[in-house]
Amino acid sequence: MTFDKEKMLHYCNSISENTLMQTLNIKYTDAGPDFLVATMPVNPSVHQPMGLLHGGATVALAESVGSAASFLFVNGEHSEVRGIEISANHLKAKRNGIVTATARIIHQGSSIHLWEIRITDENQSLISICKLTTMVLPKRKSKSL
């Protein structure tokens with residue numbers, strides 16, 4: 001299968017409508033055969049009470065980009081992806097601007113994917129580093145009501 005960057009970015013951004021990704025204003029901006037990149041603005045809507053980027057918002061960005069990247073590695077007609085574990089080390093505070101999350105595959109098994117997600121600021125300073133494990137499951141058939 002040929003990798004189509006624009007198609008992948010359009011897909012990731014379109015499925016984010018009416019989700020937490022839209023609430024946090026996460027935008028997918030770059031993709032490759034082994035990585036996916038997304039950005040998130042840092043402003044009061046993602047601050048904790050001290051006026052700094054909330055760790056939970058950072059983790060939501062990391063899980064969003066890692067899970068979406070994992071989905072790009074599977075056949076979406078037959079498989080689903082679920083995040084099963086995430087860890088984060090927050091290394092630097094951020095008050096405003098943009099953070100960029102880059103997910104890169106560490107391990108791609110048939111049922112488990114392991115991702116490293118590096119979150120940097122506009123100066124390429126490392127803000128957080130996360131690891132995400134996703135599980136690949138057979139796609140469930142929707143039940144009729």
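Throughout, residue positions are numbered sequentially from 1 according to the sequence presented.
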### Task
Establish whether Met21 and Leu36 are linked, either directly or via other cluster members, by ILVMFWY side-chain heavy-atom contacts under 4.5 Å.
yes
### Query
Can you check whether Ile106's main-chain N or O pairs, donor with acceptor, with Glu116's side chain at less than 3.5 Å?
no
### Beyond-backbone contact of Lys139 with Ser79, side-chain heavy atoms, under 4.5 angstrom
no
### Query
Does some side-chain heavy atom of Thr100 sit less than 4.5 Å from a side-chain heavy atom of Ile119?
no
### Query
Any idea which heavy atoms bring Pro41 and Leu24 closest together, and the distance?
CD-O, 3.9 Å
### Message
Apply side-chain contact (heavy atoms from CB on, under 4.5 Å) to residues Thr134 and Arg82 and explain how you reach the verdict.
### Response
CA-CA 5 Å; Thr134 58; Arg82 299 286 186 273; over 6 Å; no
### Task
State the CD1-OG1 distance between Ile129 and Thr120, to the nearest 0.5 angstrom.
11.0 Å
### Query
Are any non-hydrogen side-chain atoms of Val81 and Met135 less than 4.5 angstrom apart?
no
### Query
Going only through I, L, V, M, F, W and Y residues with side-chain contacts under 4.5 Å, is there a path from Val136 to Ile86?
no
### Message
Is the shortest side-chain heavy-atom distance between Ile117 and Thr102 below 4.5 Å?
### Response
no
### Task
Determine, using the 4.5 Å side-chain heavy-atom cutoff (strictly less than), whether Val37 and Met40 are members of one ILVMFWY cluster.
no
### Task
For ring pair (Phe, Tyr, Trp, His ring centres under 6.0 Å), just list the numbers for Phe35 and Trp115, CA-CA rounded to whole Å, side-chain angles, deciding distance to a tenth of an Å, and then say yes or no.
CA-CA 9 Å; Phe35 73 93; Trp115 294 89; 9.9 Å; no
#### Entry: Any side-chain heavy-atom pair of His113 and Val74 under 4.5 Å
yes
### Query
With no hydrogens and no angle check, is any side-chain donor or acceptor of Glu63 less than 3.5 Å from a backbone partner on Val59?
no
### Query
Heavy-atom distance under 4.5 Å between the side chains of Val42 and His47, does that happen here?
yes
#### Entry: Residues Met50, Arg95; criterion side-chain contact (heavy atoms from CB on, under 4.5 Å); working and verdict
CA-CA 9 Å; Met50 299 299 291; Arg95 288 190 184 276; 5.9 Å; no
### Query
Side chains of Lys27 and Leu9: does their closest heavy-atom pair fall under 4.5 Å?
no
### Query
So Val46 and His54, side-chain contact (heavy atoms from CB on, under 4.5 Å) or not? Walk me through it.
CA-CA 6 Å; Val46 295; His54 194 292; 5.6 Å; no
### Query
Of all heavy-atom pairs between Ser67 and Leu132, which one has the smallest distance, and what is that distance?
N-CD2, 3.5 Å
### Task
Identify the heavy atoms of Arg140 and Glu80 that sit nearest to each other, and give their distance.
N-OE2, 3.5 Å
### Query
Are Leu61 and Ile105 linked, directly or through other ILVMFWY residues, by side chains that come within less than 4.5 angstrom of each other?
yes
### Verdict with supporting geometry, Lys131 and Ser87, side-chain contact (heavy atoms from CB on, under 4.5 Å)
CA-CA 5 Å; Lys131 273 190 342 190; Ser87 65; 3.7 Å; yes
### Task
Decide yes or no for Thr58 and Val99: does some side-chain heavy atom of the first lie under 4.5 Å from some side-chain heavy atom of the second?
no
#### Entry: Non-hydrogen atoms of Ile26 and Asn13 that approach each other most closely
O-OD1, 4.4 Å
### Query
How close do Leu52 and Ala93 get, heavy atom to heavy atom, and via which atoms?
CD2-CB, 3.9 Å
### Summary
Applying side-chain contact (heavy atoms from CB on, under 4.5 Å) to Thr133 and not counting sequence neighbours gives Ile84, Glu85, Ile112, Leu114
### Any pair counted as ring-ring contact (aromatic ring centres under 6.0 Å, His included), so long as it reaches residues 9-31, sequence neighbours left out
Tyr11-Phe71
#### Entry: Partners meeting side-chain contact (heavy atoms from CB on, under 4.5 Å) with Lys92 (sequence neighbours left out)
Asp121, Ser125, Ile127
### Query
What closest approach, in Å, do His90 and Ser128 show between heavy atoms, and which atom pair accounts for it?
ND1-OG, 2.8 Å
